Amino acid sequence: MTQITTIDKIGEFVGQMVTLRGWLYNKRSSGKVRFLLIRDGTGIIQSVVVKNEVTPESFSATDILTLESSLEVRGKVRADARAPGGHELQVSDLRIIQVAEEYPISPKEHGPSFLLDHRHLWLRSSRQHAILRIRSHLIQEAQSYLNREGFILFDAPILTPTSCEGTSTLFETDYFYDEKAYLSQSGQLYAEAGAMAFGKVYTLGPTFRAEKSKTRRHLTEFWMLEPEVAFAELKDILSLAEELITHLVHSVLTHRREELKVLDRDLTKLQSVVQPFPRITYEEALDILRQKGISHQWGDDFGAAEDTVISEQFDRPVMITHYPLQTKAFYMKSDPLRPELALCVDVLAPEGYGELIGGSQREDDYDKLLERLAQHKLPRESFEWYLDLRRYGSVPHSGFGLGIERTIGWICGIKHLREAIPFPRLLQRIYP
């Protein structure tokens with residue numbers, strides 16, 4: 001019996017007979033030779049079928065194979081620098097598992113709506129493979145980094161009894177006994193409980209915002225990585241955010257360079273991402289906007305247009321701190337020196353890719369947090385458990401949320417976040 005292997009490990013078997021299982025990615029003919037491009041999820045390899053080197057049945061089978069037909073091939077591995085991946089398979093036997101119907105995604109241009117309707121098949125393309133392999137690597141590497149830094153994974157619930165980031169963007173659902181529940185906007189409040197128990201934790205999971213936005217930067221369901229640290233002030237999480245982003249970018253550059261090449265990503269843009277990151281205040285950001293002829297009132301939050309203008313002034317992520325407290329969530333701590341400002345940060349990606357990180361030092365004073373809940377018209381009874389964290393051993397603590405899809409979109413250089421997640425959920429799309 002021959003060794004069953006995968007395409008990513010084919011280099012270990014040069015000169016040996018192996019069996020591959022996969023799908024037909026493409027094919028072409030040259031007289032008595034058939035060239036089959038086979039993919040198996042780990043890569044693509046050219047398999048050469050020569051008429052007088054296989055059985056008549058195997059050779060005839062190549063004529064009925066359609067795109068995405070499933071098959072098993074057996075043959076000898078040969079090194080060939082001209083072939084995709086540097087190796088090819090000299091086929092000695094071929095077995096069809098299933099002949100696919102006519103494949104709906106052809107090499108011609110398709111519109112985004114068509115491709116999203118066929119997202120379950122679009123995932124098989126080389127471009128989507130590259131993006132989603134980078135996604136997998138980035139999530140794994142982010143967790144590894146935080147684990148090495150002494151964090152533990154702390155799972156937050158997806159069903160929550162109340163809002164974290166404002167009631168206007170909540171997805172509501174019926175719970176038991178006429179109660180209402182909401183899809184989580186963030187794991188942060190629960191991560192704070194975790195930090196008071198374990199010191200350093202992070203949550204990782206899907207979050208939901210019912211924001212009626214059609215921009216390329218928005219999804220209604222997206223993933224967030226949210227570290228939370230006890231005994232940490234704003235300066236501490238600025239350093240953590242800077243180190244984490246730098247690590248992720250250079251890890252992708254090191255381990256997923258081939259995928260970046262598939263995406264035609266300008267690697268010099270990513271190589272510029274080194275520490276330290278520029279750090280400016282909200283008021284300094286306002287000055288940048290005014291210098292660019294953009295009128296923006298003090299106290300207003302920045303939108304996508306403002307973020308783009310600010311980020312374009314830098315060749316690496318820029319950290320904007322000390323926004324007006326009135327624009328920020330109830331849990332953010334005010335600056336003792338200027339109480340009208342929040343001890344917070346937004347990290348904007350360069351090249352106009354928007355906000356990667358939002359974070360802050362949390363309000364750790366019980367009375368002030370009670371005040372903030374009242375100012376935001378949030379029901380105290382829903383937050384009694386959260387207030388308990390300030391009653392029993394409150395300490396300064398801080399954290400942030402890193403948007404997985406925003407980070408992937410920037411690193412990959414893709415235009416729309418719909419490609420940064422396997423099955424995007426958008427304002428007008430919940431299929432497939």
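Everything quoted here is computed from the prediction, not taken from an experiment.
Salt-bridge annotation for Asp174 and Lys180: present, with a side-chain N of the basic residue lying under 4.0 Å from a carboxylate O of the acidic one. Residues Arg338 and Glu340 are paired through a salt bridge, judged by an N-O separation under 4.0 Å between the basic side chain and the carboxylate. Using a cut-off of 4.0 Å between Lys/Arg side-chain N and Asp/Glu carboxylate O, Glu221 and Arg209 are scored as not salt-bridged. Ion pairing between Glu363 and Lys368 fails under the 4.0 Å rule for side-chain N and carboxylate O. Comment: Glu351 engages Arg265 in a salt bridge, judged by a side-chain N to carboxylate O separation of less than 4.0 angstrom.
The closest side-chain donor-acceptor pair between Arg391 and Tyr366 falls under 3.5 angstrom. Judged purely by distance below 3.5 Å, without hydrogens or angles, the side chains of Thr66 and Ser69 pair a donor atom with an acceptor atom. For the residue pair Asp155 / Tyr190, no side-chain donor-acceptor distance below 3.5 Å is found, with atom types taken as modelled.
Taking the six-membered ring for Trp and the full ring otherwise, the centers of His322 and Tyr282 sit at least 6.0 Å from each other. Here Phe302 and His296 bring their ring centres to under 6.0 angstrom of each other. With ring centers used as reference points, Phe277 lies 6.0 Å or more from Phe314.
Below 30°, between 30° and 60°, or above 60°: for Phe171 and Phe208 the angle between ring planes is above 60°, a perpendicular geometry. In this structure, Tyr386 and Phe383 have perpendicular ring planes: the angle between them is above 60°, well past the 30° mark.
Other residues, nucleotides and ligands contribute over 12 non-hydrogen atoms within 6.0 Å of the CG atom of Leu123.
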query: What's the verdict on side chain to side chain donor-acceptor pair (under 3.5 Å) for Glu68 and Tyr25, showing C-alpha distance, side-chain angles and the deciding distance?
result: CA-CA 6 Å; Glu68 290 302 322; Tyr25 192 71; over 6 Å; no

message: Set out, in order, the CA-CA distance, both residues' side-chain angles and the distance that settles side chain to side chain donor-acceptor pair (under 3.5 Å) for Tyr331 and Glu192, then state yes or no.
response: CA-CA 11 Å; Tyr331 51 74; Glu192 289 185 53; over 6 Å; no

field: Residue pair Lys333, Arg362: steps toward the side chain to side chain contact (heavy atoms under 4.5 Å, CB included) verdict
entry: CA-CA 5 Å; Lys333 189 173 183 66; Arg362 318 309 191 186; 6.0 Å; no

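Checked against Phe400 for a side-chain contact (heavy atoms from CB on, under 4.5 Å), the options Val345, Asp346, Leu356, Leu244 give a single hit: Leu244. For the side-chain contact (heavy atoms from CB on, under 4.5 Å) with Gln46, the lone residue among Leu36, Ile38, Asn26, Leu37 that qualifies is Leu37.
Using a 4.5 Å heavy-atom threshold, the side chains of Phe330 and Leu369 count as touching.
With Phe151 as the aromatic partner, Arg148 does not meet the cation-pi criteria of under 6.0 angstrom to the ring centre and within 45 degrees of the ring axis.
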